[in-house]
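Structure first, commentary second.
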Amino acid sequence: MSELQTSVRPRRPRPAVVTLTEAAAARVRELCEAHGHKGLRVGVKNGGCAGQEYTFAFADEIQPFDEVVVDKGATVVIEPKAILFLIGTEIDFETTKLASKFVFRNPNETDACGCGESVTIVPAKAD
């Protein structure tokens, strides 16, 4: 009986979980440089009137299952449990007369509350 031979072939690059606009990348770089951090950690937690909220924290270390996205010179670390909720999301940073904030354009969102603080997100399905 012959042994099964496995070939090692290079993996094709995966698309990034999220992308950043120029404004978002500039703001992430600015925040990280000003406070001495390596990146911005993004996640999703249960809460708010629509059911889920996006979370932010500074990232100084990469955990084993974190997804690291480097886009336009800015580093974003995605928490493992948030990856399926964020696939295909574009993160922007907007400044208006009343507020400056990160804005998520997430194709997986199915609903949002009126105040804009929480959303309903359905995990992306595998193709």
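Since this is a predicted model, take the numbers as computed values, not measurements.
Connection of Leu31 to Val69 is established within a shared hydrophobic cluster, with ILVMFWY side chains joined at heavy-atom distances below 4.5 Å, either directly or through further cluster members. Both Ile78 and Phe102 are assigned to one and the same hydrophobic cluster, defined by single-linkage of ILVMFWY side chains at heavy-atom distances under 4.5 Å.
Between Val76 and Val42, the closest heavy-atom pair is CG1-CG2, 3.6 Å. In this structure, Lys72 and Leu20 approach most closely via the heavy-atom pair NZ-O, 2.7 Å. Smallest separation of non-hydrogen atoms from Ile87 and Pro107: O-CG, 3.8 Å. Residue Cys32 comes nearest to Leu40 through the heavy atom pair SG-N, 4.0 Å, listed as atom of the first residue, atom of the second, then distance. Here the shortest heavy-atom pairing between Ala74 and Ala25 reads CB-O, 3.6 Å.
Note that the NE2 atom of His35 and the CD atom of Glu30 stand 8.5 Å from one another [nearest 0.5 Å]. To the nearest 0.5 Å, atoms CZ (Arg27) and NZ (Lys101) are separated by 14.5 Å. Distance CD1/Ile91 to CG/Asn106: 9.5 Å, rounded to 0.5 Å.
By the 4.5 Å heavy-atom criterion applied to side chains, Val68 and Ile62 are counted as neighbours. In this structure, the side chains of Ile83 and Phe65 stay at 4.5 Å or more apart for every pair of heavy atoms. Within the 4.5 Å cutoff, the side chain of Val44 has heavy atoms near those of the Tyr54 side chain. Side-chain contact check for Leu86 versus Asn108: every heavy-atom pair is 4.5 Å or farther apart. The shortest distance between side-chain heavy atoms of Arg41 and Asp66 falls below 4.5 Å.
The environment of Gln63 atom CD is dense: over 12 non-hydrogen atoms of other residues, nucleotides or ligands sit within 6.0 angstrom.
Ring geometry for Phe56 against Phe104 counts as tilted: the plane angle lies between 30° and 60°, on a 0 to 90° scale.
For Thr89 (side chain) and Val18 (main-chain N/O), no donor-acceptor pair under 3.5 Å exists by modelled atom type.
Under the side-chain contact (heavy atoms from CB on, under 4.5 Å) criterion, Thr21 pairs with Ala23, Ala24, Glu90, Asp92, Arg105, sequence neighbours left out.
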